[in-house]
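Values reported hereafter were calculated over all heavy atoms of this structure, with side chains retained and with hydrogens, waters and symmetry mates removed. All values derive from a computational prediction rather than experimental measurement.
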Amino acid sequence: MTSQQIDYPFATRPEPGQTLEVAPGVHWIRMGLPFALDHINLWLIEDGDGLVIVDTGYGLDATREAWETILARFARPITRILVTHYHPDHLGLAQWLSEKTGAPVWMSNGEFLSGHAVWHGLAGYNVVSMVEQFRHNGLDQTRCAAFETRGNAYAKGVPALPATYRRIYDGERLEIGGRQWQVLIGRGHSPEHAALWCEEAGVLISGDMLLPRISTNVSVFAATPEDDPLGCFLDSISDFKRLPATTLVLPSHGSPFRNIGFRVDQLMEHHAARCAELLDACSEARSAGELLPVLFPRPLDTHQVMFAMGEAIAHLNHLERKREVRRRVDSDGVVRFIKCH
């Protein structure tokens with residue numbers, strides 16, 4: 001491994017219903033997803049005579065069946081269920097697994113509350129609010145209408161939510177299997193995303209905060225239309241650079257990898273390049289909807305448009321926060337951004 005490349009130490013990946021031990025007492029699970037991003041990585045950590053589950057998968061029958069197979073094979077009690085964040089591929093089956101195993105759900109406060117806000121369709125977190133936000137940011141009526149007929153897609157992936165949980169905090173050290181796992185709260189991808197760092201094992205469960213081949217989605221919610229989640233995300237991942245290059249990073253998508261600092265630098269450069277593209281395009285006033293082809297020149301399905309709009313708004317808000325563009329609301333009610341001269 002050199003400082004100029006990412007190292008992937010595992011040539012194989014676990015098949016559905018199987019596990020692969022990637023570090024002493026740490027097992028990799030790979031479950032399917034019904035999207036273009038077709039898989040998620042979940043983790044089991046040995047905890048004495050029991051096991052800790054980290055993330056739970058999307059609410060599909062196939063995911064439940066895979067869990068049934070894995071839990072039967074290990075035949076060990078589940079001591080707790082750790083959820084990195086509220087997105088449906090991570091929180092989806094937490095309540096089902098909790099009911100099945102009797103294990104409590106552990107997660108951060110921001111993720112627990114956000115999951116409930118989206119699941120229950122509260123103001124600022126529901127489809128109506130999202131469509132209004134996208135319309136206000138220049139998305140065409142045809143695409144807006146597709147969201148209106150789609151309904152609450154979140155609830156499809158999260159059939160039930162836990163009503164109680166054990167809150168975890170930034171910097172908290174969790175003892176699992178006689179080793180200390182430190183909670184590292186990151187922001188930007190979600191409100192209080194919990195990564196888990198074990199110095200003794202040299203392992204970071206990074207969740208969605210650090211992925212090896214794709215960039216994590218960073219979006220603006222309708223509830224906080226002028227927020228700067230991209231700035232939060234860049235600040236959060238920069239903290240990972242203090243970890244050793246030999247750290248084995250266990251991401252939620254893609255394969256485990258090493259050389260964490262190099263990957264952080266790549267992501268920093270990626271977002272700087274996206275911001276530069278948008279800045280050039282804003283020599284005339286443009287909305288996020290009008291700028292989608294700049295960031296995403298390929299065709300997008302409805303699910304992808306949701307992430308693309310959130311990301312376009314996030315980058316424009318970040319440029320505004322840096323005073324490189326200014327926001328205006330035109331006579332048609334659409335928010336547009338123009339380069340500062």
Side-chain angles (χ1 to χ4, degrees), residues 1 6-47 49-85 87-101 103 105 156-159 176-177 181 195-196 198 201-217 247-259 263 303-304:
M1 180 179 67
I6 294 175
D7 175 46
Y8 297 97
F10 299 100
T12 60
R13 62 193 186 198
E15 296 300 321
Q18 304 295 316
T19 62
L20 178 65
E21 190 169 14
V22 292
V26 181
H27 303 265
W28 176 16
I29 302 168
R30 199 171 187 268
M31 301 280 196
L33 293 176
F35 311 116
L37 183 59
D38 63 0
H39 73 278
I40 179 172
N41 300 325
L42 314 173
W43 313 97
L44 288 177
I45 308 175
E46 295 178 20
D47 187 20
D49 293 332
L51 295 168
V52 171
I53 292 173
V54 181
D55 286 338
T56 66
Y58 195 84
L60 298 170
D61 287 342
T63 312
R64 292 184 185 89
E65 291 168 6
W67 271 122
E68 296 273 12
T69 300
I70 290 167
L71 294 176
R73 181 181 305 116
F74 277 90
R76 297 165 72 169
I78 303 302
T79 59
R80 70 198 100 167
I81 299 163
L82 284 167
V83 178
T84 60
H85 61 299
H87 292 165
D89 46 338
H90 301 261
L91 182 58
L93 289 180
Q95 178 62 14
W96 177 80
L97 280 165
S98 182
E99 291 174 355
K100 180 177 179 60
T101 65
V105 174
K156 297 175 184 177
V158 187
I176 305 174
W181 291 78
L196 300 169
C198 181
V203 170
L204 173 73
I205 298 178
S206 65
D208 277 348
M209 286 301 293
L210 203 60
L211 305 176
R213 295 188 183 274
I214 60 175
S215 58
T216 300
N217 178 258
T247 298
L248 179 64
V249 182
L250 306 182
S252 291
H253 308 283
S255 294
F257 68 95
R258 290 193 173 93
N259 206 349
R263 182 55 182 153
H303 185 70
Q304 291 167 328

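Each side-chain hydrogen bond (donor to acceptor under 3.5 Å, both in side chains) pair with one or both residues in residues 12-27, not counting sequence neighbours, appears once here: H27-E46.
We find the CH2-CG distance between W28 and L250 to be 9.0 Å, quoted to the nearest 0.5 Å. Remark: S206 OG to L248 CG distance equals 9.5 Å, nearest 0.5 Å. For the atom pair R76 CZ and L51 CG, the distance stands at 4.5 Å (nearest 0.5 Å). The OG atom of S252 lies 7.0 Å from the CG atom of D89; values are rounded to the nearest 0.5 Å. Note that CD1 of I29 and CG of L20 are 11.0 Å apart. Values are rounded to the nearest 0.5 Å.
In this structure, L71 and L97 have side chains that are in contact, with non-hydrogen atoms separated by less than 4.5 Å. At least one side-chain heavy atom of F10 sits less than 4.5 Å from a side-chain heavy atom of V22. Put simply, the side chain of F257 reaches to within 4.5 Å of the side chain of L210, judged on heavy atoms. In this structure, W43 and L82 have side chains that are not in contact, with every pair of non-hydrogen atoms separated by 4.5 Å or more. Side-chain contact between E68 and K100 is present, with heavy atoms from C-beta onward closer than 4.5 Å. The side-chain heavy atoms of T247 and L204, taken from C-beta on, include a pair separated by under 4.5 Å.
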Please set out all donor-acceptor pairs under 3.5 angstrom arising from side-chain atoms of residues 31-39, sequence neighbours excluded.
| from | atom 1 | to | atom 2 | distance (Å) |
| --- | --- | --- | --- | --- |
| H39 | ND1 | R30 | NH2 | 3.3 |
| H39 | NE2 | G254 | N | 2.9 |

Extract all donor-acceptor atom pairs below 3.5 Å that involve side chains of residues 53-62 and protein atoms in other chains or at least two apart in sequence.
| from | atom 1 | to | atom 2 | distance (Å) |
| --- | --- | --- | --- | --- |
| D55 | OD1 | T84 | N | 2.8 |
| D55 | OD1 | T84 | OG1 | 3.2 |
| D55 | OD2 | T84 | OG1 | 2.9 |
| D55 | OD2 | H90 | ND1 | 2.8 |
| T56 | OG1 | H90 | O | 2.8 |
| T56 | OG1 | L93 | N | 3.0 |
| T56 | OG1 | A94 | N | 3.2 |
| D61 | OD1 | R64 | NH1 | 3.1 |

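Listed by chain and residue number, D47, V52 satisfy the side chain to side chain contact (heavy atoms under 4.5 Å, CB included) test with T79 (two or more places apart in sequence, or in another chain). K156 meets the side chain to side chain donor-acceptor pair (under 3.5 Å) test with no other residue; sequence neighbours excluded. The side chain to side chain contact (heavy atoms under 4.5 Å, CB included) test applied to T216 returns H189, D208, L211, F233, not counting sequence neighbours.
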- Assess whether side chain to side chain contact (heavy atoms under 4.5 Å, CB included) is satisfied between N259 and D7, documenting all intermediate values. CA-CA 7 Å; N259 206 349; D7 175 46; 5.6 Å; no

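Residues P256 and P9 come closest through the heavy atom pair O-CD, 3.5 Å. Contact between P212 and S255 at its shortest, heavy atoms only, is CG-O, 3.6 Å.
Around atom CZ of R73, more than 12 heavy atoms belonging to other residues, nucleotides or ligands sit under 6.0 Å away.
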